[in-house]
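Every chain is numbered from 1 and lettered A, B, ... according to where its sequence line falls, protein lines coming before strand lines.
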Amino acid sequence: MQIYNTLSKRKEPFRTVEPGKVGIYLCGPTVYDKAHIGHMVGPVIFDCIKRYLTYCGYDVSWVVNITDVDDKLIAKANERGITMLEVAEENIADYNENLTALGVDQIDHFPRATECMDEIIAIIASLVEQGFAYESEGDVYFDVGKDGEYGKLSNRRVDAMQGDGGGAAARKRGLADFALWKSAKPDEPSWESPWGKGRPGWHIECSAMSKKILGETFDIHGGGLDLVFPHHENEIAQSECCHQRPMVTYWAHNGLLRASSAAGKVGGRGERETDAADEGGKMSRSKGAGGLADLIASQGGERIRFFLLRTHYRSTVLFNEPAIEEAGTGLESFYRFFKRYERVTGNSIFELDLPKTRVEGEIDAGSNELLADVVELRNKFLAAMDDDFNTGGAIGELFELARRLNKYCDDNDLEASGQPSDQVEPFVRGAATLRELAAVLGIFTQEQTTSGGDELLGQVMQLVIDLRTEARANKNFATADAIRDGIGPLGIVLEDRAGGTDWSGGEDNALDGVMQLLIQLRQTARAEKDFATSDTIRDRLAEAGVTLEDRPGGTEWSRG
RNA sequence: GGCGCCGUGGCCAAGUGGCUAAGGCAUCGGAUUGCAAAUCCGACAUCGGCGGUUCGAAUCCGCCCGGCGCCUCCA
């Protein structure tokens with residue numbers, strides 16, 4: 001296994017500080033506002049990283065911090081007339097909901113800056129004592145000039161750094177010095193310290209919290225590429241000057257998302273003048289990015305997760321809704337396969353017992369051709385993940401695996417009843433492998449909740465299907481096709497199979513649309529004096545609790 | 001100005017020295033179907049441009065063109 005390290009700018013073999021154990025720290029949000037999708041990139045990829053390392057047998061501890069004290073939180077609280085804590089609570093709740101929706105459930109520790117004040121003050125005090133930091137009018141600053149290695153992560157030299165030192169320039173010895181502790185103004189939230197009432201600077205809490213939970217040296221530190229400088233540069237400076245030893249073995253930074261209104265659209269090249277302002281620009285709260293909750297509601301968390309994982313985590317991702325929908329189209333083919341699995345075996349694929357580790361999942365293919373292919377695809381998947389967590393490449397293998405299993409189904413006619421178990425068994429084993437690997441990516445972890453699940457629509461659809469089946473049996477294809485065509489615009493698709501007809505889809509207005517179709521079919525039947533059919537429609541609907549009322553202007557339906 | 005990233009088929013995207021350049025979406029054929037849908041089979045790129053290193057490069061080096069990021073809060 002190898003991991004790209006921002007510090008060395010190359011992939012390095014993975015070695016843990018402690019045998020068998022991995023400590024991961026990911027910079028989480030500053031909770032002054034709602035999250036946007038860009039905030040989810042890190043959590044999603046690190047969720048996979050933890051899943052994968054665990055799968056490979058490591059004992060992983062993953063920390064995501066919450067920065068709940070900061071200038072922006074204070075400003076927001078004043079603006080809204082509530083406390084800083086209330087602002088934080090609100091946005092933490094939002095953040096957690098987003099994580100849950102995207103299937104991020106591997107985080108072990110969620111420390112908050114305000115709960116680690118003792119540790120923060122202890123580190124600052126130690127830095128002052130060792131001469132790496134100095135107090136100035138109630139503030140404490142890190143003396144960048146005292147750190148000979150400053151700039152090693154972001155590849156910068158102190159003397160090449162511009163900057164005017166910000167508003168506190170007068171209190172600093174060097175313009176690049178940064179605040180470890182800020183003295184409190186009269187009405188601001190504050191904590192007692194050796195330097196008077198105040199609050200921590202932005203970077204110090206990560207040094208304190210990572211030390212508290214993971215130790216002075218831990219394995220992987222993650223965050224967005226935009227945090228390399230100054231945030232992580234300053235973290236290294238603080239921690240390493242304080243402890244005199246490396247802070248982190250691997251610095252892993254994810255690429256940033258960019259908003260794009262055009263990417264993903266077919267034929268969108270070169271024609272149109274766009275407002276460059278909202279085209280391709282980096283996402284950020286200050287530019288009004290947001291609406292993650294809405295996005296999740298319209299697209300679904302798993303689609304978004306899958307969309308993010310299709311691209312390698314270090315790449316920039318051009319993000320827009322059509323692109324997510326396209327990813328969703330690919331996802332659906334897996335769910336169709338899962339239904340097929342159920343038709344073949346009679347069991348849900350979600351009830352399979354899955355291998356929990358890489359070793360457990362190994363397969364002895366023997367002379368079985370299907371299993372030989374499964375083994376090969378599984379190995380390719382693992383090789384991709386071993387190479388800097390290449391989830392995009394790994395997903396490609398998942399598609400291949402699904403195709404191979406579908407082909408096996410076709411070739412052996414597995415959907416026909418009574419197929420010999422020695423043919424079904426390898427298929428089940430292959431399907432289990434598909435889910436085993438998908439679980440590493442945190443997808444297909446549970447059965448899709450049939451959205452909304454209007455029971456009545458299901459009953460009505462069964463009636464529609466029965467009517468159509470009868471029409472087909474009578475070779476009345478005109479009626480059969482009229483039904484399919486009438487239902488198509490509602491987003492409902494019919495699939496005829498040996499065992500019967502399946503339906504799927506259905507937009508919000510589908511129920512009324514289907515009812516209108518039935519009413520029309522009934523009208524046609526009555527016009528043709530086919531009263532058996534028209535009565536069947538009325539009776540079956542009555543069973544489902546629907547009343548039809550024939551009026552001069554037409555027929556109306558209502559739920560009884 | 002300093003530091004850095006990227007440019008692979010219509011779109012998205014793996015691959016970073018060596019078999020016929022993964023996969024997804026879209027499109028076009030074929031099998032299958034009463035017709036469809038789904039599924040399977042097949043078609044579809046020589047890797048921004050030029051030059052260099054090498055037996056051999058999309059993959060390494062140089063230059064050029066074109067996108068983008070950081071240097072200020074930011075995942």
Side-chain angles (χ1 to χ4, degrees), chain A residues 6 9 11 26-30 32 35-46 64 70-72 151 154-157 159-164 166 202 222-231 253-258 262-269 280-287 289 306-307 310-312 314-318 322-323 325-333 336-337 339-340 380 384 387 390-400 402-404 406-411 415 472 475-478 480-481 484-485 488 493-497 501-505:
Chain A
T6 307
K9 295 186 184 304
K11 289 179 190 171
L26 175 70
C27 280
T30 300
Y32 66 90
H36 66 251
I37 187 174
H39 293 110
M40 295 294 117
V41 178
V44 167
I45 179 62
F46 276 90
V64 176
D70 149 282
D71 292 352
K72 286 207 172 118
S154 57
N155 195 23
R156 279 157 219 255
R157 293 166 40 153
D159 57 12
M161 277 186 284
Q162 302 177 349
D164 57 7
W202 177 37
L225 214 43
D226 53 349
L227 294 184
V228 174
F229 185 90
H231 188 55
H253 291 100
N254 58 267
L256 305 178
L257 240 45
R258 289 199 296 134
K265 274 185 192 165
V266 181
R269 176 187 274 191
K282 178 183 156 188
M283 308 209 56
S284 68
R285 284 163 168 165
S286 57
K287 287 183 186 167
F306 188 70
F307 168 77
R310 288 198 315 168
T311 306
H312 185 93
R314 279 190 283 112
S315 305
T316 300
V317 176
L318 284 172
E325 276 160 22
E326 186 193 304
T329 303
L331 262 187
E332 281 162 22
S333 68
R336 279 192 296 268
F337 171 72
K339 282 187 185 168
R340 190 175 199 186
K380 283 182 165 177
D387 184 9
N390 183 357
T391 55
I395 283 173
E397 306 308 329
L398 244 35
F399 275 104
E400 287 276 287
R403 183 180 58 75
R404 184 66 184 88
N406 265 319
K407 183 170 166 50
Y408 183 82
C409 253
D410 284 359
D411 291 349
E415 287 191 58
R472 290 174 70 214
K475 302 272 189 237
N476 182 0
F477 295 122
D481 289 348
R484 189 204 297 287
D485 295 344
V493 179
L494 296 177
E495 298 180 34
D496 296 325
R497 299 210 162 73
T501 301
D502 280 354
W503 70 278
S504 59

CG on A:Asn406 to CG on A:Asp411, rounded to 0.5 Å: 10.5 Å

Of the listed nucleotides B:rC71, B:rG34, B:rA14, the one nearest the side chain of A:Ser315: B:rA14

Spatial distance of atom CG (A:Leu227) from atom OG (A:Ser154) [nearest 0.5 Å]: 12.0 Å

Value in whole Å for how far the P atom of B:rG34 lies from CG of A:Asp481: 12 Å

Set out, line by line, the N/O atom pairs under 3.5 Å between protein and nucleotides 57-62 of chain B.
none

Ring-face cation of A:Arg472 near A:Phe477 (centre distance under 6.0 Å, axis angle within 45°): no

Side-chain donor/acceptor of A:Glu326 to base of B:rG24, under 3.5 Å: yes

Residue pair A:Phe307, A:Val317: steps toward the side chain to side chain contact (heavy atoms under 4.5 Å, CB included) verdict: CA-CA 10 Å; A:Phe307 168 77; A:Val317 176; 3.7 Å; yes

Stem segments of RNA chain B by first residue number [Watson-Crick or G-U, under 3.5 Å, at least 3]: B:1-7 with B:65-71, B:10-12 with B:23-25, B:27-31 with B:39-43, B:48-52 with B:60-64

Touch class at under 4.0 angstrom, heavy-atom based, for A:Asn390 against every strand present: sugar-phosphate

Interatomic distance, A:Leu225 CG vs B:rC71 C1' [rounded to whole Å]: 13 Å

Spacing of A:Asn476 atom CG relative to B:rC35 atom P, expressed in whole Å: 16 Å

Atom NZ of A:Lys11: over 12 foreign heavy atoms under 6.0 Å: yes

Ring centroids of A:Phe399 and B:rG23 base under 5.5 Å with planes under 30°: no

A:Thr311 versus A:Ser315, closest heavy-atom pair with distance: CG2-CB, 3.5 Å

Point-to-point distance, once rounded to the nearest 0.5 Å, from CG of A:Asn254 to CZ of A:Arg314: 11.0 Å

5' priority, RNA chain B, between A:Ala327 and A:His312 [closest heavy atom]: A:His312

Sugar-phosphate only, base, or nothing, as touched by A:His231 at under 4.0 Å among non-hydrogen atoms: nothing

Straight-line distance of A:Cys409 SG to A:Glu415 CD, nearest 0.5 Å: 6.0 Å

Spacing of CH2 belonging to A:Trp503 relative to CG belonging to A:Leu494, to within rounding of 0.5 Å: 9.5 Å

Ion pair A:Arg310/A:Glu326, N-O distance below 4.0 Å: yes

Atom-pair distance (CG on A:Leu227; P on B:rC71), nearest Å: 10 Å

Whole-angstrom distance between B:rG66 and B:rG30, as gauged at atom P: 45 Å

Euclidean distance for C1', B:rG62 against B:rU53 (whole angstrom): 11 Å

Below 4.0 Å: OP1/OP2 of B:rG69 and any side-chain N or O of A:Thr316: no

Minimum-distance nucleotide to A:Thr311 side chain [options: B:rA36, B:rA26, B:rA14]: B:rA14

Proximity to the side chain of A:Arg472 - top-ranked nucleotide from B:rC73, B:rG34, B:rA13: B:rG34

Atom-to-atom span, CG of A:Asn254 to C1' of B:rA75 - whole angstrom: 6 Å

Span that lies between the P atom of B:rG29 and that of B:rA38, in whole angstrom: 16 Å

Whole-Å C1' distance, B:rG51 and B:rC12: 32 Å

Exercise: do A:Thr501 and A:Asp496 side chains pair donor with acceptor under 3.5 Å: yes

Rounded distance in Å - CZ (A:Arg310) to P (B:rA22): 18 Å

Integer angstrom distance from the P of B:rU46 to that of B:rG10: 10 Å

Between B:rU72 and B:rA13 - C1' atom distance, rounded Å: 34 Å

Nearest listed nucleotide, side chain of A:Lys72, among B:rA26, B:rA75, B:rC73: B:rC73

Touch class at under 4.0 angstrom, heavy-atom based, for A:Gly222 against every strand present: nothing

Contact nearer the 5' end of RNA chain B, comparing A:Thr329 with A:Leu494: A:Thr329

Identify all pairs in which a protein N or O lies below 3.5 Å from an N or O of nucleotides 38-41 of chain B, and state each distance.
unit_1, atom_1, unit_2, atom_2, d
B:rA38, O3', A:Arg336, NE, 2.9
B:rU39, OP1, A:Arg336, NE, 3.4
B:rU39, OP1, A:Arg336, NH2, 3.3
B:rU39, O3', A:Asn406, ND2, 3.4
B:rU39, O2', A:Arg340, NH1, 3.3
B:rU39, O2', A:Asp410, OD1, 3.3
B:rU39, O2', A:Asp410, OD2, 2.6
B:rC40, O4', A:Asp410, OD2, 2.9
B:rC41, OP1, A:Arg403, NH1, 2.7

Rounded distance in Å between the C1' positions of B:rA22 and B:rU16: 15 Å

C1'-based separation of B:rU8 from B:rA57 [nearest Å]: 14 Å

Touch class at under 4.0 angstrom, heavy-atom based, for A:Gly42 against every strand present: nothing

Whole-Å distance separating the CZ atom of A:Arg258 from the P atom of B:rG7: 13 Å

Nearest listed nucleotide, side chain of A:Arg484, among B:rA26, B:rA22, B:rA36: B:rA36

B:rC3 phosphate, OP1 or OP2, under 4.0 Å from A:Asn155 side-chain N/O: no

Minimum-distance pair of heavy atoms, taken over all atoms of A:Glu397 and A:Lys380: OE1-CD, 3.4 Å

Pair A:Arg340 + A:Asp502, salt bridge at N-O below 4.0 Å: no

Interatomic spacing from CG in A:Leu318 to CG in A:Leu257 - rounded to 0.5 Å: 8.5 Å

Atom-pair distance (CZ on A:Phe306; P on B:rC12), nearest Å: 17 Å

